[in-house]
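As the structure is a prediction and not an experimental result, all values here were calculated from the model. One-based numbering, in listed order, for ligands and for the atoms of each.
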Amino acid sequence: MRFDVITLFPDLFRILSDQGVTGRALARGLAELHLWNPRDFTHDVHRTVDDRPYGGGPGMVMKVEPLREAIRAVRAAAPKSRVAYLSPQGRVLDQAAMLEIAACPGWILLAGRYEGVDERLIEAHVDEEWSIGDYVLSGGELPAMVVMDAVIRLLPGALGHADSARQDSHMDGLLDCPHYTRPERIEEGSVPSVLIGGDHAAIERWRRRQALGRTWQRRPDLLERRGLSEAERTLLDEFILAHRE
Ligand SMILES: Nc1nonc1C(=O)N[C@@H]1CC[C@H](O)C1
């Protein structure tokens, strides 16, 4: 998986490359990260990348030409990649979208700043527009990092245990079950006994029941969308019975 990011602030991406799951995955070559600064594609002494909006109004808009030249240079280096622009006007991404993104050979992520990018650049050179949520940030860099983090951890070998990603919240359309670690008894409470017992079938049922119950309690919309098998319906009924007021 190759990622190319077009950004005015390439140093911000050290958050991904210098540590953690993403840092290790990049170091091991499971994914590649290349950074491109639109200022390197300007030709004036001030290295101008933005200008005032036509029609007036606050803020600045990113100019077409430096971004066009940057995209052309990246497409030449990454011919199999598609261009995605991060913006609040884009498709709101969920885990299913991250799985789709992870299945592609590479992405050129355009991180905007200011009020955004001249619409003509988007129409002529952008393949997809993505949003990480219905709120407004000061730049597209954090959204680009959110997408890369969510996608890289799905790549084979990125996580220590193959099951980790499969059991995360929103995988299989459910929230994750609760987690506990040592010590077994502390002032905040004790670990559920089923997790101590070593009966793996019972532990698996408990975890599935908790995931279904937690989703029912906190995100009934996800259950609506997903539907339940007979076995899952039974487990959820057990949870509801045990948690009636
Ligand atoms: N929500 C989002 N999901 O992706 N990107 C955003 C986002 O707020 N972008 C900012 C809007 C103006 C600034 O240029 C960057």
Side-chain angles (χ1 to χ4, degrees), residues 1-17 20 22 31 33-42 46-75 78 81-104 106-154 168-170 219 221-222:
M1 167 66 78
R2 174 171 173 149
F3 286 106
D4 291 87
V5 184
I6 298 173
T7 171
L8 291 171
F9 300 98
D11 288 350
L12 289 179
F13 290 83
R14 310 248 327 248
I15 292 175
L16 282 191
S17 57
T22 53
L33 174 58
H34 304 269
L35 301 166
W36 306 72
N37 191 330
R39 286 202 196 282
D40 298 333
F41 297 88
T42 58
H46 299 296
R47 308 184 80 203
T48 307
V49 292
D50 63 313
D51 204 335
R52 288 174 293 109
Y54 278 116
M60 303 290 272
V61 176
M62 293 188 80
K63 295 172 63 62
V64 173
E65 302 98 314
L67 294 176
R68 174 215 298 150
E69 286 192 32
I71 288 173
R72 283 179 175 162
V74 182
R75 282 194 189 275
S81 295
R82 289 167 56 79
V83 178
Y85 172 48
L86 286 306
S87 100
Q89 288 79 39
R91 168 195 179 190
V92 179
L93 302 178
D94 58 8
Q95 191 67 14
M98 298 303 180
L99 286 159
E100 289 172 28
I101 294 167
C104 296
W107 290 95
I108 300 165
L109 302 181
L110 174 56
R113 280 272 156 171
Y114 317 117
E115 294 306 306
V117 168
D118 186 306
E119 191 68 16
R120 291 168 293 181
L121 185 282
I122 300 167
E123 286 168 359
H125 300 286
V126 170
D127 299 310
E128 300 194 17
E129 205 163 341
W130 298 339
S131 170
I132 62 166
D134 293 334
Y135 38 80
V136 180
L137 304 168
S138 51
E141 284 79 12
L142 285 175
M145 284 189 258
V146 164
V147 172
M148 287 190 283
D149 187 309
V151 168
I152 287 174
R153 65 192 311 282
L154 293 173
D168 282 347
S169 281
H170 297 292
R219 290 292 306 276
D221 59 301
L222 294 179

Student: Specify the closest pair of heavy atoms between Arg39 and Thr42, including all atoms of both residues, with the distance to one decimal.
Tutor: O-OG1, 2.7 Å

Student: On a heavy-atom basis, I'd like to know which of Val147, Leu137, Val146 is closest to atom 11 (C) of ligand 1.
Tutor: Leu137

Student: Are any of the N/O atoms on Ile132, whether in the backbone or the side chain, positioned under 3.5 angstrom from an N/O atom of ligand 1?
Tutor: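 Yes, since at least one N or O of Ile132 sits under 3.5 Å from an N or O of ligand 1.
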
Student: Would you mind listing which atoms of ligand 1 come within a distance below 4.0 Å of any non-hydrogen atom of Tyr114?
Tutor: 12 (C), 13 (C), 14 (O)

Student: Short N/O distance, under 3.5 Å, between Arg113 and ligand 1?
Tutor: yes

Student: Out of Gly90, Ala111, Gly139, Ala144, who is nearest to atom 15 (C) of ligand 1 when you count heavy atoms only?
Tutor: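 Checking each option, the heavy atom nearest atom 15 (C) of ligand 1 is found in Gly139.
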
Student: Check the pair Asp127 / Arg75 against salt bridge (Lys or Arg N to Asp or Glu O under 4.0 Å), numbers first and verdict last.
Tutor: CA-CA 12 Å; Asp127 299 310; Arg75 282 194 189 275; 3.2 Å; yes

Student: When you look for heavy atoms under 4.0 Å from ligand 1, do you find them on the side chain of Pro143, its backbone, both, or neither?
Tutor: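 The part of Pro143 near ligand 1 is the side chain, not the backbone.
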
Student: Which residue holds the protein heavy atom closest to atom 4 (O) of ligand 1, what is that atom called, and what is the gap in Å?
Tutor: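 Here the closest protein heavy atom is Ser87 N, 3.4 Å.
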
Student: Among protein heavy atoms, which sits nearest to atom 1 (N) of ligand 1, and what does the distance come to when rounded to 0.1 Å?
Tutor: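 Sorting protein heavy atoms by distance from atom 1 (N) of ligand 1 puts Tyr135 O, 2.8 Å first.
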
Student: Which of the numbered atoms in ligand 1 are under 4.0 angstrom from any heavy atom belonging to Val136?
Tutor: 8 (O)

Student: I'd like to check Val83 versus Ile108 (side-chain heavy atoms, cut-off strictly below 4.5 Å). Are they in contact?
Tutor: yes

Student: Would you indicate whether the side-chain heavy atoms of Met148 and Leu109 approach each other to under 4.5 Å?
Tutor: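 Yes, at least one pair of side-chain atoms sits under 4.5 Å.
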
Student: For the residue pair Phe3 and Val151, establish whether any side-chain heavy-atom pair is separated by less than 4.5 Å.
Tutor: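 Phe3 reaches Val151 side chain to side chain.
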
Student: Starting from atom 9 (N) of ligand 1, which protein heavy atom do you reach first, and at what distance in Å?
Tutor: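 Checking every protein heavy atom, the shortest distance to atom 9 (N) of ligand 1 gives Pro88 CD, 3.7 Å.
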
Student: Relative to the heavy atoms of Gly112, which atoms of ligand 1 are at a distance of less than 4.0 Å?
Tutor: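 Taking each heavy atom of Gly112 in turn, ligand 1 has 14 (O) under 4.0 Å.
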
Student: Would you say Ser138 has any N or O atom under 3.5 Å from an N or O of ligand 1, going by distance alone?
Tutor: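 No.
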
Student: So do the side chains of Val146 and Trp130 get within less than 4.5 Å of each other, counting heavy atoms only?
Tutor: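 With C-beta onward as the side chain, the pair stays apart.
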
Student: Check the pair Asp50 / Glu115 against side-chain contact (heavy atoms from CB on, under 4.5 Å), numbers first and verdict last.
Tutor: CA-CA 10 Å; Asp50 63 313; Glu115 294 306 306; over 6 Å; no

Student: Could you tell me, atom by atom, which parts of ligand 1 come under 4.0 Å of a heavy atom of Gly140?
Tutor: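 So the atoms of ligand 1 that pass are 15 (C).
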
Student: List the residues meeting ring-ring contact (aromatic ring centres under 6.0 Å, His included) with Trp36, not counting sequence neighbours, and say none if there are none.
Tutor: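 ring-ring contact (aromatic ring centres under 6.0 Å, His included) list for Trp36, sorted by chain: empty.
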
Student: Suppose I only count heavy atoms of Gly133 and a 4.0 Å limit; which atoms of ligand 1 are within that range?
Tutor: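 Heavy-atom distances to Gly133 below 4.0 Å select 1 (N).
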
Student: Measuring only between side-chain heavy atoms, which start at C-beta, is Leu222 closer than 4.5 Å to His170?
Tutor: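 Heavy-atom side-chain distance check passes, below 4.5 Å.
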
